[in-house]
Each structure stands twice: as C-alpha cells, then as structure tokens.
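Per chain, numbering begins at 1; letters A, B, ... match sequence-line order. Atom set for the values below is all heavy atoms of this structure, side chains included, hydrogens, waters and symmetry mates excluded.
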2 protein chains.
Amino acid sequence: MATIYDVAKAAGVSPKTVSRVMNGDAPVNQATREAVEQAMLALNYVPSSAARTMRSQRSGLIGMITGAISTTHQFEDAGLPEIYLVQGAQRVIGQSNRTLLIADSGGQADRIPTLLQTFREHRVEGILYVAEYHREVTLPASLRDLPIVLVNCFDAAETPCILPDDEGGQFTLVDGLIRRGHQRIAYLTLPEHQVACGLRVAGYHRAHAQHGIAVDERLIQVGALPSPTHEFDLLWDALDRVLKAEPTVICCANDKMAMRVYGLLRDRGVAIPQQMSVAGYDDYRMIAEHLHPGLTSAVLPYAAMGARAADKLLRLIGGSTKPGEPNREHVSAPVAWRDSVLTRDANVTQLNSRRRET
Amino acid sequence: MATIYDVAKAAGVSPKTVSRVMNGDAPVNQATREAVEQAMLALNYVPSSAARTMRSQRSGLIGMITGAISTTHQFEDAGLPEIYLVQGAQRVIGQSNRTLLIADSGGQADRIPTLLQTFREHRVEGILYVAEYHREVTLPASLRDLPIVLVNCFDAAETPCILPDDEGGQFTLVDGLIRRGHQRIAYLTLPEHQVACGLRVAGYHRAHAQHGIAVDERLIQVGALPSPTHEFDLLWDALDRVLKAEPTVICCANDKMAMRVYGLLRDRGVAIPQQMSVAGYDDYRMIAEHLHPGLTSAVLPYAAMGARAADKLLRLIGGSTKPGEPNREHVSAPVAWRDSVLTRDANVTQLNSRRRET
DNA sequence: CTGAAAGCGCTTACAG
DNA sequence: CTGAAAGCGCTTACAG
C-alpha cells in the first residue's frame, strides 16, 4: 500500500507538502498541488487514519453506546425506531469529518465496561450514550473524563443531555383534539413509574386547562404494564373503565397500544373513527401508516434528537458551547394527523387529512 | 496518558514484556506478569489501537455498509428490524476481538464512495454490505480488493453472500396451514419483480404439491405496489379478487400488509380468525405481537443472517473458508404461530397456540 | 511556499 | 523467559 513517502517521491516533493495538499493546512503552489494530486491518484493512495491519529493525537472518532439497539426484550419491546437516532447523529458527525463508532450492549449492562474499553483504545473524542426509553440513568464513574452527551436519558449529575419534549407532545396532541371538537378525551397511559407518563399527563392537563375544560379523572387509566405479560387483560379492563366515562377519542400511551386498542374496539363492534377516534404516541411509521385507518400519533423525534445530541457533543469537544447553554435540552415535535381522528364539529375547519401541525 | 514505556518503567521491565503480558503472545514469568498488571492498573493504562494498527498492519476493524439503516422511504418503508442484523453481526465480530464500524448511506447511493473511503483510511479488514430487502446488487468496482460478504443481496459476480430462505419460509408456513386443515389458501404477494416474490410463490406451490392439493391460481394476487401510493386501493381490489375464490386463510406478503388486511377485513365485518385466518411474513414483533389477534408470521431471520455473514467474513479474512463452502448461503427460519390462524379440522392436533415449528 | 528532523506508541524481527 | 533496536506512516515544531 502506497505511503505518503511514495507519493512525495512520485511528485518530486517532500512528505510534508503532500500532507499540506491533503489537509489544506497551508498554502501550496498550484502546480505543486496538481503534481501531488496526480501522484496520489496514480498510486491509489489512501492515507492511514492510524498514523494520523497517533501523531496528531486526535482520532476523529465518536463513540455511541446503546443497549437500545438490542435489548433482550424481556421487559421492553424493541425500541427499533431508535435507529433513526443513529442516523441523525451520524449525519452531523459525518459533516464534521468524524466517524461514528457504535457499540451495542446487547441489553446486558455488564458488557458496557468492555465496550467503553474498546472506545478508549480507539481514543474516541466523545461519547453519545443512548437509552432505549426516556429514563434516568447513572453513569459509570469511569466515564467522567470524556465529553459525553446523554440521549433519551438524564442523570442526577446534570450531564448534558437531549430529551424528547413529552409534555409538549401530548399537549399538542390534546390541544389539536379539542380544536377538532373533542371534549371528552380518554387517556390510556404508560405505567406510572415511567418518566414519560407524568410528563405527558401534565401535557394532557395543560391542554384542557388552556381551553377551560375540566378533566374527568375517570378518563385517565393506566393501559400498560412494565412487563408485557397479561398486557391485553389489563388493557381490556382499562378500556372498559374509560369507555364508561363516554369519551369521543382515546389517546394511547404509544402506537403499539393503539394497535391493540384497534383490535379490542373492533371486537366490541366500535367503528374507528366514526364511533371512536384513536390516537397514539411515537409515530412509528411501520405501525401508524399501515393501520386502517391511519393512526394519528404524536411524533417522537428520534432523528432530530440524534442530530441535536451530536451537535451538542461536537461543541463540547470543540469547547464552543454557548455561554448560557442549558445542560438539558428538550426536542419538540409535531403531531402526525391521520384518519383515526374524526373532526366532530362541522363548524371546525377541516384539519383532518394527513397534515402535520406544530 | 500513560504509554507502554511508562508501564514498563513502573514495572521495571522492557516495553516488549508489557506487550507480551497484554497480548499473551509469549510466556511471561508469573511474578513479572503480576508486576506489569499492577503497573497497568496503577497508571490507568489503555493501549492505543492506532499505534497497534500502524505497527502490526492489522486494524481489527470490520466495516458494515448499509443504506438500510436510513433509506429515504420514498419507495420502501424503513426496514427497521434490520437492526437485528447489526446486532447479530456485532456479536460475532466482538467475539473475534474486532470492532464493527457502521456506515450509513442514508439511502443515497452517491454517498457510498465517501463511506468506503473512510473505511479504507481506517484499514478495515473486510466489509459487510447490507441491502434493505432481498435483491440483486452491483458492487462498485473499487471494492474488488477487499474481503466482502453481501447480506440480504447477491450479485452476478458470485460474491459470497447470505440470503434469507424465502422459498423455505413460505413453504413452512403453507405446509403448516395445510396441516391445520386449510385447503384454500389465498396469497397476496409482493410486486412480481421482487426477488422474494418468486421464491415465496414457489414455496407456496411446493407445499401444495407435497400435499397433493391443486392450486387455484385465482387465490394468488399481487397485494402491494413498488411505491406505497394508492397501496390501499390496490390491496382492496386484490382482496376482493381472492375472496371470490373463497379461501379460509389469507397469506400476506409481509406483516405490514397483514396489518392493512386486518383493517380491511374488519371493515367488511369478517372476524379474524373465526371467519378468516390471516398470516404475514417477516415476524416484525412490533407488529405481530401487538395486533389483535396476534399475527402468525414466517420469521425473517435477520439476527441469524448478520451472525452468519460476520462468521463467513471472518473466515474469508482468516483464509479458513471450508473447501466446498458455497458462495451463497441461505438462512432458514421457523414460523411464529399465533392466534390469527384457526385450526380448522377437529381431528388435527391442536398446534395453534403461540408455538414455533421449523 | 517548501523541507529536514523528530516523534507519536506500539509490535516486529532478532538476539540472547 | 526477556530485551535492544528499528520501523509502521503520518504530523508537529521548526527553519528557511
């Protein structure tokens, strides 16, 4: 494999000049440059990032660690759309001429130290630490010396992090429902210990308050268990309870629950959306677009979160964080309106066909 | 940051001895070893993979390239479960003490050369090239000099590849349906130009032949378009046509289509599975487990394919491919049986509750 | 605008 | 079982 010396010799210059042409770190005479470029092409020269890293002490590598990519699914379903998170991060990192190294804990927390060791051997310049769902985490103490941004999680030490705006997402959804003529809005929530649960319920209340509508607490029921065992039984009962409070729309904690609710409502002979509107959360397109009718859902903005996190990390590394920049950032997202929600009031503007609003 | 020299000095040995302790490439006296290990710990020593790579000329890096992770979704839905593929590959590669570098073409083919350049700069030892669906590809000529294994795709040059056994998967599904008392089995297929379509239809026919059942060709209809536009209209018509042939079960080209069929059948007042059984393909658990009733589906074994591909690549790199090893390997998978399929014949053993068979 | 020398931190090749 | 010397392929620091 050709080295910088081979190129230098072929072009009749010094290695340092070849280096200058590659890196553009100093002016090079046009003719010299062309000779070098020709030599590089002729020799099929590919610079060695190992040599570059060793000498410059900068690897150009960013590590992303996640148990998300492959949880064991014992307690949680695969959070597959988090791959959008990878995608968003990679775009930003690629633009900064760096490379993303991805490590997967396979859902086994005890593998994380090994993965971090690999990152260290590769001298990563910073780390993106991704959680499979919005939660609090505790970082291994060994991570304290590296620039790090948490994604979809936060810690007590106020490590910089990027979070979804769960409160705002549910607010936007419920606000939109009210604007479409709904007044009795049921909410089948996540298990109460989940961070997202409290935030979204708060958004649900804020939307009601803003429109001066009193909340009937019977409309809010837990619709999912921490473990998926007997999930359908629980959901069936929760659905029973909210139906007694006579809602016109049922908000579900996520799209998977909405999918189950579709089945249960149809078993009861309830037509969607004519007799009951349904909404989800996450906007997993694999689900939302293929359900019939299409599912209205609050977007969980994974790609944007990944991009924002990468951005923040690069600024941490570059030492260019803005003065008043908060450690915790929340990413907002619109609602994807589809046909599962009926606009009830004929006087309300027809907003109902596949449109997004913020 | 501590170097091997710092460790050597602290332990009172030569750098080469430290190297031997780390790599286990030669016997080291027990006492010496302990002194070295203690010094490494005390100095918080982390070896530099850049230095190691440069001197040894082996990077320990495997590149995975995929447009899959982030297609633009113009023509195809996100093939998100392919993340299982990453997971399967990473497990095997991690076991070989190597590190996986993942690059994402973002669905833009013109970005691939840049990504490959990055891989080359990092001196990857081999490449896994992943397609978003079972298809033929043409590799860039520049890839000819690197060990490479295609995953979910193949090329005319017979590059080693790992493919799903689509024929066998559909055979297993239809065979299982027949054993459960179904004789009139509808099949809503993929668009005909798709590689998987022909293979699966062949599996459908083989299962019928094996049981001596003549195939009514009206039962086979194309249920999806290459582009998702007007997909529901097409599916509605295709469903109409197969229903006229009076099936007892409808096989769908994939789980997403099955999800749409659930909705359409229910609009017609057809109960699943009491009046009509339904089966899918892919076993996307995010869909199959949350539909009501749970969807029977042929498994698309992404994790196994990733692992097999990594395995094959490592053998290519190590020069330890078996003598008669074929270039193309097909990965078989079972069917995940769930409640969407009714066992029709009371005399048939009850096989019907959430079991897997090969 | 260009170059000569040194060094990043390991492992190789050799010697004992 | 252990070590001294050299070199992997770049960029740094300096000089002109």
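Atom CD of Gln38(A) has 12 or fewer heavy atoms from other residues, nucleotides or ligands within 6.0 Å. Other residues, nucleotides and ligands place no more than 12 heavy atoms under 6.0 Å from the CZ atom of Arg58(B).
Under the salt bridge (charged side-chain N to carboxylate O under 4.0 Å, His left out) criterion, Glu325(B) pairs with Lys312(B), Arg315(B), sequence neighbours left out. Scored by the salt bridge (charged side-chain N to carboxylate O under 4.0 Å, His left out) test, Asp110(B) finds no partners at all (sequence neighbours excluded).
Taking the nucleotide of DNA chain D with the nearest heavy atom to each of Arg20(A) and Ser48(A), the more 5' of the two is matched to Ser48(A). Each of Tyr5(A) and Ser14(A) lies near DNA chain C, and the nucleotide nearest Ser14(A) is the one positioned closer to the 5' end.
Side-chain atoms of Arg123(B) come within 3.5 Å of backbone N or O of Arg120(B) as a donor-acceptor pair. Here the side chain of Asn152(B) pairs a donor or acceptor atom with the backbone of Ala131(B) at under 3.5 angstrom. With hydrogens and angles ignored, the 3.5 Å screen pairs a side-chain donor or acceptor of Gln90(B) with a backbone N or O of Ile102(A).
By the 4.5 Å heavy-atom criterion applied to side chains, Thr53(B) and Leu61(B) are not counted as neighbours. Looking at Leu163(B) and Glu329(B), their side chains never come closer than 4.5 Å, going by heavy atoms from C-beta outward. Looking only at side-chain heavy atoms (C-beta outward), Pro47(A) and Ile4(A) stay at 4.5 Å or farther from each other. For the pair Arg52(A)/Glu121(B), a side-chain contact is recorded, criterion being any heavy-atom separation below 4.5 Å from C-beta on.
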Exercise. Between Leu150(A) and Leu139(A), does a side chain to side chain contact (heavy atoms under 4.5 Å, CB included) hold up when you go through it step by step?
Worked result: CA-CA 10 Å; Leu150(A) 307 180; Leu139(A) 290 185; 3.8 Å; yes
Problem set entry | Residue pair Val86(A), Thr66(A): steps toward the side chain to side chain contact (heavy atoms under 4.5 Å, CB included) verdict | CA-CA 10 Å; Val86(A) 174; Thr66(A) 161; 5.9 Å; no
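Proximity of residues 23-34 of chain B to DNA chain D (heavy atom under 4.0 angstrom from any strand atom) is restricted to Pro27(B), Val28(B), Asn29(B), Thr32(B). Within residues 53-62 of chain A, the residues having any heavy atom closer than 4.0 Å to DNA chain D are, in order of number, Met54(A), Arg55(A), Ser56(A).
If you walk DNA chain D from 5' to 3' and mark each nucleotide with an atom closer than 4.0 Å to a heavy atom of chain B, the marks span dC1(D) to dG9(D).
Stems are defined here as 3 or more consecutive Watson-Crick or G-U wobble pairs with pairing distances under 3.5 Å; those involving DNA chain D are C:1-3 with D:14-16, C:5-12 with D:5-12, C:14-16 with D:1-3.
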